[in-house]
Amino acid sequence: MHRYLLAIGSGLALWLAFPDHNLWPLAIVGVALLALATRDAGPGRGFLLGLVSGCACFIPLLSWSGIYVGRPPWFALSVLEALFIALLGCASGLLQGRPFLGRRQRWPSLAGHQRVRPLVIALLWVAQEWLRSRQPFGGFPWGRLAFSQADSPLVHLAAWAGAPLVTFAVALAGGGLAAGVARVVWARTERGVLARVLKGVPAVAGAVALTFLPVLIPTPVDGPKVTVMGVQGNVPQAGLEFNAQRRAVLDNHATLTETAAREVRSGDLPQPDLVVWPENSSDIDPLRNADAAEEINHAVRDIDAPVIVGAVLDQPAPDVSNASLLYLPGKGPVDRYIKRHPVPFAEYIPYRSFFRHFSDKVDLVSRDFTAGHKVGIFTVPSRHAGTIVAGPTICFEVAYDGLVRDAVDAGANLLVVQTNNATFGYSDESRQQLAISRLRAVEHGRSVVHISTVGVSGLITPDGTVHQRSSLFTAALLSGQLPLRDDITLADRVGDWPEGVASATAALLILVGIGRRRLGRVAQRPEPQTREP
């Protein structure tokens, strides 16, 4: 029973590490508790322990996914994500047992004590997140360990090898903490509490050092500065019905932009080099609807600056596209980016007829969104700092490593995250998403304009600091200077190969563990007895 209590505690600790609780050290504790729970558990029981831990984490973490569509989709998504933690628990139970490397062999000192193996734990977490970010239907990487560390010293590691390295460090620290606890609680060779505690100190001290030393990694914020403006126009009401009042949403953003233009002319606000509207700021296709086009063009002329507009386009028929459109004063829309990773079951329904048997909510998505295939890059001249090369990312795309990296590889010196959080109400979803954008700023050494229809929005400098953070369901105008940076971080130079190496190593360890387990079973079989004639 104590193993399952540890697993429940693990999941709850992981959940509390994320915004809005934001108790980031608990991510390390959560990993440690699951490592202790699966120690010597075996693969079968490890799977169940991982499933319990995953459910305890994802059911509260993803509660926003069921606010307006009901509990079945929420629980289905949570259990699906928990299954990946179950696989991790299965592998952890396999590799943290006696027979892993045979009777006489010992795992190296980095493996920890009393069969808690921190390095193995860290590799398994990276591999689990690699798989979860890709499967099924393109994956759903929400709730990665790295995304809980925006306020942690460990976030600096993102500049070296991105989110996977941050996850690796969190898990390694958690494994070290677990190894220290195991040495204190289960050591059989030491007599006396003090002797056991002293044996556990090095592992715990190593975990603490690993957690805080990354603060020494530089995250420069220098560079020529441009004035950017984010327009959070708000919606008439929270929920799925916001789309029924799409003209009001467009009006809100156009009106707030025109208000900003008056403040610019009066000298209360600086003239912006770039203005960003959020995703779904115009769900009326401005390329086909003359009224919507005129309203947007009027606002663009009034502010006299390039404006990136989030729009839904009625193409390719009969489907639609989630787009970012670049408008220039006097020229109208001159460039576009189509969202490359539409969200399954939110923006399109795979196998619609099959899933309709489980919920009629699938028909809330009446028209599927089509995926784009081109990396988005918007190039606009600034008044004082050369050329802005903006890389747009739409909503959940910010959680996918490769989609953001592609924009930087294409030359982006500013990242733009446009999102619409109206469908998630007054939940933690928007704050969790902002935390991901903060990690991306550090990972790529780029400023980020994170703008939502309803909040939480913010201007983020390359060190991950948020400026002018807005509140939920309010109209807000963000205006400030952000540095443009062209330097390439080590994370962008190495790309995704460290994650691939870690995942492949974890897979190899699992195969070795399975082989050793089978050999152990064969060795334990009694030899057949023969009768004497």
Side-chain angles (χ1 to χ4, degrees), residues 221-236 248-282 294-310 324-332 378 380-388 390 392 413-421 430 434 437 441 446-463 465-484:
V221 295
D222 59 315
K225 293 185 178 180
V226 294
T227 300
V228 296
M229 182 178 290
V231 180
Q232 179 180 305
N234 205 6
V235 300
V249 176
L250 173 57
D251 290 345
N252 286 352
H253 288 85
T255 300
L256 189 55
T257 303
E258 292 161 3
T259 299
R262 290 194 294 271
E263 294 187 30
V264 168
R265 289 192 291 270
S266 67
D268 294 331
L269 285 176
Q271 174 65 46
D273 294 296
L274 180 66
V275 179
V276 184
W277 289 11
E279 177 191 26
N280 296 122
S281 49
S282 179
E294 175 54 31
E295 182 162 18
I296 294 172
N297 281 311
H298 182 274
V300 174
R301 289 193 301 268
D302 209 17
I303 196 66
D304 191 26
V307 179
I308 300 176
V309 175
S324 294
L325 302 177
L326 175 63
Y327 280 77
L328 296 182
K331 296 183 179 180
F378 295 154
V380 296
S382 71
R383 287 172 167 79
H384 306 292
T387 301
I388 300 172
N413 57 18
L414 176 72
L415 297 177
V416 173
V417 178
Q418 298 167 279
T419 184
N420 170 31
N421 309 103
S430 58
L434 182 66
S437 286
R446 298 291 186 270
S447 298
V448 179
V449 182
H450 183 104
I451 188 70
S452 166
T453 48
V454 299
V456 175
S457 303
L459 305 179
I460 307 171
T461 44
D463 60 353
T465 302
V466 183
H467 306 270
Q468 301 186 34
R469 185 193 303 250
S470 67
S471 301
L472 278 172
F473 291 97
T474 59
L477 195 63
L478 284 61
S479 177
Q481 290 191 322
L482 291 175
L484 299 180

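Just so you know, these numbers come straight off a predicted model, no measurement behind them.
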So CD1 of I460 and NE2 of H450: to nearest 0.5 Å the spacing works out to 6.5 Å
Residues which pass salt bridge (Lys or Arg N to Asp or Glu O under 4.0 Å) with R262, listed by chain and number, not counting sequence neighbours
none
Tell me, do V264 and P270 make a side-chain contact under 4.5 Å, heavy atoms counted?
no
Can you confirm whether V416 sits close enough to V448 that some side-chain heavy atom of one is under 4.5 Å from a side-chain heavy atom of the other?
no
Flag the pair N420 / P278 as yes when at least one side-chain heavy-atom distance between them is below 4.5 Å, and no otherwise.
no
Are any non-hydrogen side-chain atoms of P306 and V275 less than 4.5 angstrom apart?
no
For the CD atom of E263 and the CG atom of D268, what is their distance to the nearest 0.5 Å?
6.0 Å
Keeping T465 on the side-chain end and T461 on the backbone end, is there a donor-acceptor pair under 3.5 Å?
no
Does the Q232 side chain pair with the main chain of S471, one donor and one acceptor, at a distance under 3.5 Å?
yes
Is there a donor-acceptor pair closer than 3.5 Å between any side-chain N or O of T227 and the backbone N or O of G480?
no
Going by the rule salt bridge (Lys or Arg N to Asp or Glu O under 4.0 Å), which residues pair with D463 if we only count those two or more places apart in sequence or in a different chain?
none
If we ignore hydrogens and angles and just use 3.5 Å, is the side chain of S382 paired with the main-chain N or O of D273 as donor and acceptor?
no
With sequence neighbours excluded, residues passing salt bridge (Lys or Arg N to Asp or Glu O under 4.0 Å) with R469:
none
What are the two closest non-hydrogen atoms of L472 and G455, and how far apart are they?
CD2-O, 3.1 Å
Value rounded to 0.5 Å, distance of OG in S282 from OH in Y327:
6.5 Å
So among L478, L414, V417, I308, which one has a side-chain contact (heavy atoms from CB on, under 4.5 Å) with V449?
L414
Just verifying a value: how many Å separate F378 CZ and L325 CG, rounded to the nearest 0.5 Å?
7.0 Å
Please identify each residue that fulfils side chain to side chain donor-acceptor pair (under 3.5 Å) with Q271, with sequence neighbours left out.
none
With sequence neighbours left out, which residue pairs that include part of residues 296-307 fulfil the side-chain hydrogen bond (donor to acceptor under 3.5 Å, both in side chains) condition?
E258-H298, R265-D302, E294-R301
Sub-4.5 Å side-chain heavy-atom contact between L477 and L256
yes
Closest contact, heavy atoms only, V221 versus P462:
CG1-CD, 4.0 Å
Using side-chain contact (heavy atoms from CB on, under 4.5 Å) as the criterion, point out the one residue from L459, L274, I303, V276 that pairs with M229.
I303
Heavy-atom closest pair, residues P236 and A248
CG-CB, 3.7 Å
What's the separation between atom OG in S281 and atom CD1 in I451, rounded to the nearest 0.5 Å?
9.5 Å
Are T453 and N280 close enough, and set up right, to give a side chain to side chain donor-acceptor pair (under 3.5 Å), and what steps lead you there?
CA-CA 7 Å; T453 48; N280 296 122; over 6 Å; no
Can you list the residues that meet the salt bridge (Lys or Arg N to Asp or Glu O under 4.0 Å) rule with D222, with sequence neighbours excluded?
R485
Work out which heavy atom in P392 is nearest to a heavy atom in A390; give both atom names and the distance.
CD-O, 3.4 Å
Any side-chain heavy-atom pair from S324 and Q418 closer than 4.5 angstrom?
yes
Which heavy atom of A305 sits nearest to which heavy atom of P329, and what is that distance?
N-CG, 3.5 Å
Check whether any side-chain heavy atom of P272 lies under 4.5 Å from a side-chain heavy atom of S479, and answer yes or no.
no
Atom pair CH2/CD1 of W277 and I296 - distance to nearest 0.5 Å:
5.5 Å
Heavy atoms from other residues, nucleotides or ligands near NE2 of H467 exceed 12 (cutoff 6.0 Å)
yes
Using a 3.5 Å distance criterion without hydrogens, assess whether the side chain of S452 forms a donor-acceptor pair with backbone atoms of V454.
yes
